[in-house]
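Along the sequence shown, the residues carry numbers beginning at 1.
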Amino acid sequence: MKKSKWCIQNKREFLMQAILFVLLLPALVSFSQNNNSLNSRDLSYLTSGGKLHPLQAIMDIRHYTIVLDVDIENKSIKGSAEVSLNLSKKTDTLLLDLIHLYTVTKVKVNNKSVAFTQQDDKIFITTPDGFELGNQKVLIEYNGIPPVAIKPPWDGGFTWTKDNNGNDWIAINIQAEGGKMYFPCKDHPSDEPNEGVDLKITVPKNLVVAGPGLLQSVTTKKDRSTYFWKTNYTISNYCILFNIGKYKVVKDIYTTVLGNKVPIEYYVLEVDSAQAKKVIELKKRDTKILEKYFGEYPWAKEKIGVAEVPNYGMEHQTMITFKNQFSYSLVGGQEYSDNLFHEYAHEWWANKVTNKDWGHMWIQEGIATYAEALAMLELGGESAYDEIIAGHRRGSRNRNPIVPAGEGITEKEVYAGGDIYGKGSFFMHTLRYVIGDAIFFPTLKKLATDPQYTYDNFVTTMDVEKLFSTVAGQDLKPFFDFYLRTTNVLDVNIKEIGFHKFQIKINNSFMPLPFEITTNGQTTRMIISKEGITVNSALPPQVDAKGFYLKKTTLQ
Ligand SMILES: [Zn+2]
C-alpha cells in the first residue's frame, strides 16, 4: 500500500470531529439508542494481527475455498468458505475471524454439522468430543452486507461504484482490517494458506471478475456467471480478494530473467482499454528493473496481473491494482507511475518476502519504497536516485521507532508513525553506504530469493540484520537497533582544537561508521569510532555532506 497523505491530515480532521462529537453528544446518545443496527456498522476499531490467540496458535492454515454470490443490487454477499487447517493439538474449540456484519448459518467440520457462536468478530466452533490433531476441513456458510470502504485502500471494505459508461464496478480493499472483512479466516500475518486459494465468484454475466492466480473456468447459467480463480501459491489473507467490472482483458507475454514465459493480464475497463498498451509496456520495463535487483518475478507459474480500480492501487498478489487516472511522471525522459511501481515492488517485498508480524512491516513498506529509489537510479541516474532519497530523509518524522518493541503488533499500530516507508527506505540507503554496493546489492537479492526468507518462510528484522551481518562480516546489530528500534539520530560534534585542526566526534557513537569528510575541498571516506578523529582543515570540515545518515551536527 502506498503512503497516505490523508493520514497526515487526518489528525486535524480527527480533532475537529472530536469537538463536533462532544457538542453533539446528547443528540448522538439518543440516536444510537434508537439505531443499534447503524451503530454496529462502525468498524473503525478493527485492525489486523496483534496478539495471536492461543486457539489460533495451534492451527496452521493450508487452504481456503471461497464461494460467493455477489448481489450488486442489494450490496450483499452470500456463500461459503471452506478452511482447510492442520491442528497441532487436540482442542474443543476452533476459532476463526469474521466480522459481525455477517450471519453464519451453518458450520460443518469434516462434513459433520457442529455448534458455533459468533462473538466479537469471531466464530467459535465447538464439538463435545473435541477436534483431533491433523487436518480439519471447516465449511462455513454465511451471508451479509459487507462494510463499505470509507477511504480505500487505507480504510477498507467494499467499494460499489460505476464506471463512466454506467457499468457496475466493485473493488475490495482489506489490508488494514484483514480477510475477516468478507471471509472466515485466521487473520494473522504469521499464517498463510500454504496450498493457496480457490475463489468462485458469481456475478451478473455482463461483468468480469479479476482474481489471484489463474482463471480456471467461467460458467454461465441464465444471467449469472461464475469465475473460478485459483492460486497454488501461499498468499497473505489481505491479498485474497477479487474486483468486479466491465473489464476487457488485454494480454501479453513476459520472458523472465530466468527465461520463463509468464502471461501478463491487464483487467482494464472497456472504456479505458486504449490505455492498456502503455500500462503493459510499463509493466514489462518495471519487471526488468525489479528482477535486476531482486530476482525473477515471484509468481512465474501464474501471471503478472493488474486490475483497474476506482481507488489508489494495492499490492494484491498476481493482480495488483491501479487507479484509473493513467497519469505518469517523466524520469530520464521515460514515463513512470510511482503507484504502479510501488505496488508492483510489493510482489517481491510483501507477497514473496513477508514479515512474520506487523511489527516488522518496514521490511515490506521500507524496501518497496527503496525499490522506487532503485527505479529512479535505473531511469534517471544518480541524481534522480539522490532526489528521491533526500525526500525520504526529509520525510522521516522520528516520532516512534519503526520497529516497535515486542511482537503481536497490529497493522494500525505499525502504520501510525508513517516512518516504515521513508525512514525504512532511507535506512536501506544508509546500509548501502555503510557496507558498500558489492555487499549490499547481492545480499538484498539473496534476501529476496533464498528459500529461507521467501514464500512459506516469513522474516523478522532480526533475520534481515543477521543476513547482512553475516555477509558483511561485521556485527550490524547496533546499527539496525539504532535506526530501527530508537528514534535517535547521530549526534555529530565538530570542535576546533588548534590552528587549522578540528576534532570530529559522534557523541552517541554505537559502532565505528564510515563518513565522507570534506577538508580543504577534498572529500575522503574515514571511519569514526567512539574516540573520534582529528583532521587538518583551514575551514571547519564538512561531515557527511551528501547526507547518508540521519544526524544533527554541532560546530564548537
Ligand atoms: Zn506499500
J.: If only atom types and distance count, is the side chain of K412 paired as donor or acceptor with the main-chain N or O of L46 below 3.5 Å?
T.: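 Indeed, once roles are kept as given, a pair shorter than 3.5 Å links the two residues.
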J.: Can a cation-pi geometry be assigned to K2 and Y312, taking NZ or CZ under 6.0 Å from the six-membered ring centre and within 45° of the ring axis?
T.: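 So K2 doesn't make the cation-pi contact.
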J.: Take atom CD of Q216 as the centre, draw a 6.0 Å sphere, and report whether it contains more than 12 heavy atoms from other residues, nucleotides or ligands.
T.: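 Yes.
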J.: Quick one: do K200 and I66 satisfy side-chain contact (heavy atoms from CB on, under 4.5 Å)? Show the steps, please.
T.: CA-CA 6 Å; K200 295 173 183 174; I66 301 163; over 6 Å; no
J.: Can you find a side-chain donor-acceptor pair between Q317 and H346 that sits under 3.5 Å?
T.: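 Their side chains do not contain a donor-acceptor pair, so the 3.5 Å distance test is not met.
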J.: Quick check: closest heavy atoms across A472 and I435, and the distance to 0.1 Å?
T.: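 Reported closest heavy-atom pair: CB-CG2, 3.9 Å.
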J.: Compute the centroid of each ring, for F124 and then for F116, and state whether the two points are separated by less than 6.0 Å.
T.: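 No.
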J.: Less than 4.5 Å apart, any side-chain heavy atom of F322 and any of N339?
T.: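 Answer yes - side chains close enough.
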J.: Between I235 and N351, is any pair of side-chain heavy atoms under 4.5 Å apart?
T.: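 No, their side chains stay 4.5 Å or more apart.
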J.: Between D286 and K288, does the salt bridge (charged side-chain N to carboxylate O under 4.0 Å, His left out) criterion hold? Intermediate values first, please.
T.: CA-CA 5 Å; D286 291 352; K288 279 202 164 45; over 6 Å; no
J.: Grab the two heavy atoms, one from Y455 and one from P298, that are nearest each other, plus how far apart they are.
T.: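 In terms of heavy atoms, the two residues are closest at OH-O, 2.6 Å.
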J.: Is the shortest distance from a Lys or Arg side-chain nitrogen in K352 or E347 to a carboxylate oxygen in the other one below 4.0 Å?
T.: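 Not counted as a salt bridge, because no side-chain N and carboxylate O are separated by less than 4.0 Å.
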J.: Looking only at heavy atoms, what is the nearest atom pair of D357 and G408, with distance?
T.: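 Shortest heavy-atom separation between D357 and G408 comes out as OD1-N, 2.9 Å.
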J.: Please give me the minimum heavy-atom distance between D97 and Q56, naming the atom from each residue.
T.: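 Smallest heavy-atom distance, with atoms named: OD2-NE2, 3.1 Å.
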J.: Using a distance-only test with no angle check, is there a side-chain donor-acceptor pair under 3.5 angstrom linking N86 and N135?
T.: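 Note: N86 and N135 side chains meet the donor-acceptor criterion.
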J.: Can N400 and D419 be counted as having a side-chain donor-acceptor contact under 3.5 angstrom?
T.: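 Checked: N400/D419 side chains show no N/O donor-acceptor pair below 3.5 Å.
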J.: Hey, does the Lys NZ or Arg CZ of R432 hover above the aromatic six-ring of Y385, less than 6.0 Å from the centre and inside 45° of the axis?
T.: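 The answer is yes; both the distance and angle limits are met.
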J.: Going by distance alone, is a donor N or O of one side chain under 3.5 Å from an acceptor N or O of the other, for K423 and N398?
T.: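 There is such a pair (donor and acceptor under 3.5 Å, judged by atom type) between the side chains of K423 and N398.
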J.: Any side-chain heavy atom of T461 within less than 4.5 Å of one from D463?
T.: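 When only atoms from C-beta onward are counted, D463 and T461 do not touch, as no gap falls below 4.5 Å.
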J.: Please tell me if the side chains of K137 and H63 come closer than 4.5 Å, counting only heavy atoms from C-beta onward.
T.: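 Sidechains of H63 and K137: no contact.
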J.: Between the main-chain N or O of P451 and the side-chain N or O of N457, is there a donor-acceptor pair closer than 3.5 Å?
T.: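 Yes.
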J.: Please check this pair: side chain of E291 against backbone of Y297, looking for a donor-acceptor N/O pair closer than 3.5 Å.
T.: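 Flag set: sc E291 to bb Y297 pair under 3.5 Å.
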J.: Is the shortest side-chain heavy-atom distance between N232 and E195 below 4.5 Å?
T.: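 Not in contact.
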J.: Side chains of L139 and V107, heavy atoms from C-beta outward: is any pair under 4.5 Å?
T.: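 Side-chain contact under 4.5 Å: no.
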J.: If you take the centroid of each ring, where Trp contributes its six-membered ring, are F548 and H429 closer together than 6.0 Å?
T.: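 Ring-ring flag for H429/F548: true, centres closer than 6.0 Å.
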J.: So, E192 and T234: side-chain donor and acceptor under 3.5 Å apart, yes or no?
T.: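 Short answer, yes.
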J.: F294 ring centre to K445 NZ or CZ under 6.0 Å, with the angle to the axis within 45°?
T.: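 Here K445 fails the 6.0 Å and 45° test against F294.
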J.: For E407, does its backbone N or O pair with a side-chain atom of K51 as donor and acceptor, under 3.5 Å?
T.: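 The answer is yes, because a donor-acceptor pair under 3.5 Å joins these two groups.
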J.: Check whether more than 12 heavy atoms from other residues, nucleotides or ligands sit under 6.0 Å from atom NZ of K356, and answer yes or no.
T.: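 Not buried by this count: 12 neighbours or fewer within 6.0 Å.
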J.: Within a 6.0 Å radius of atom CD1 on I150, are there more than 12 heavy atoms belonging to other residues, nucleotides or ligands?
T.: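 It does not: I150 CD1 has 12 such atoms or fewer within range.
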J.: Determine yes or no for a side-chain-to-main-chain donor-acceptor pair under 3.5 angstrom, with H188 supplying the side chain and G50 the backbone.
T.: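 Checking the backbone N and O of G50 against the side chain of H188, a donor-acceptor pair under 3.5 Å is found.
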J.: Short question: side chain of D475, backbone of K477 - any donor-acceptor pair under 3.5 Å?
T.: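 Pair found, side chain donor or acceptor close to backbone of K477.
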J.: Check whether any side-chain heavy atom of S80 sits under 4.5 Å from a side-chain heavy atom of I140, and report yes or no.
T.: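 No, too far: nothing below the 4.5 Å cut-off.
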J.: Indicate, with yes or no, if the rings of Y370 and W362 have centres closer together than 6.0 Å.
T.: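 No - the distance between ring centres of Y370 and W362 does not fall below the 6.0 Å cut-off.
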J.: Does the separation of the ring centres of F427 and F480 fall below 6.0 angstrom?
T.: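 Ring centroids of F427 and F480 are less than 6.0 Å from each other.
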J.: Indicate whether the side chain of E308 and that of T321 have a donor and an acceptor atom separated by less than 3.5 Å.
T.: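 The criterion, which ignores hydrogens and geometry beyond distance, is not satisfied for T321 and E308.
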J.: Do I123 and L95 have side-chain heavy atoms sitting under 4.5 Å apart?
T.: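 The answer is no, as the side chains (C-beta and beyond) never meet within the 4.5 Å cut-off.
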J.: Under a 3.5 Å cutoff, is there a donor and acceptor pairing between the side chains of W358 and T410?
T.: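 Not at all, the side chains of W358 and T410 share no donor-acceptor pair under 3.5 Å.
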J.: Do the side chain of R41 and the main chain of P146 share a donor and acceptor less than 3.5 angstrom apart?
T.: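 Looks like yes, one N/O pair under 3.5 Å.
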J.: Show, in sequence, the C-alpha distance, side-chain angles and deciding distance for E315 and Y344, and conclude whether the side chain to side chain donor-acceptor pair (under 3.5 Å) test is met.
T.: CA-CA 6 Å; E315 65 229 44; Y344 196 34; over 6 Å; no
J.: F183 pairs by ring-ring contact (aromatic ring centres under 6.0 Å, His included) with which of F242, Y238, Y64?
T.: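 Considering F242, Y238, Y64, a ring-ring contact (aromatic ring centres under 6.0 Å, His included) with F183 is found only for Y64.
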J.: More than 12 heavy atoms of other residues, nucleotides or ligands under 6.0 Å from NZ of K551: is that the case?
T.: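 Atom NZ in K551 is packed in, count exceeds 12.
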J.: Between S425 and Y421, is there a donor-acceptor pair closer than 3.5 Å when you use the side chain of the first and the backbone of the second?
T.: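 A pair under 3.5 Å: no.
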J.: I need the T231 OG1 to I240 CD1 distance, nearest 0.5 Å.
T.: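 T231 atom OG1 to I240 atom CD1 measures 9.0 Å (nearest 0.5 Å).
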J.: Closest approach of L447 and F468, non-hydrogen atoms and distance?
T.: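 Shortest heavy-atom contact: CD2-CE1, 4.5 Å.
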J.: Under 3.5 Å, is there a donor on one side chain and an acceptor on the other for S48 and D187?
T.: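 S48 vs D187: donor-acceptor pair found between side chains.
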J.: Would you say the side-chain atoms of K303 pair up with the backbone N or O of G213, donor to acceptor, closer than 3.5 Å?
T.: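 Flag set: sc K303 to bb G213 pair under 3.5 Å.
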J.: Ignoring hydrogens and angles, tell me if any N or O in the side chain of Y233 forms a donor-acceptor pair with the backbone of K301 under 3.5 Å.
T.: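 Yes; at least one donor-acceptor contact below 3.5 Å.
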J.: Which heavy atom in I58 sits nearest to a heavy atom in L55, and how many Å separate them?
T.: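 Looks like CG1-O, 3.3 Å.
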J.: May I ask you to check whether Y415 and E365 show a side-chain donor-acceptor distance below 3.5 Å?
T.: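 Yes, a side-chain donor-acceptor pair sits under 3.5 Å.
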J.: Looking only at side chains, do Y45 and D121 share a donor and an acceptor under 3.5 Å apart?
T.: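 Y45 vs D121: donor-acceptor pair found between side chains.
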J.: Strictly under 6.0 Å, is that where the ring centroids of W229 and Y227 end up?
T.: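 No: the rings miss the under 6.0 Å criterion.
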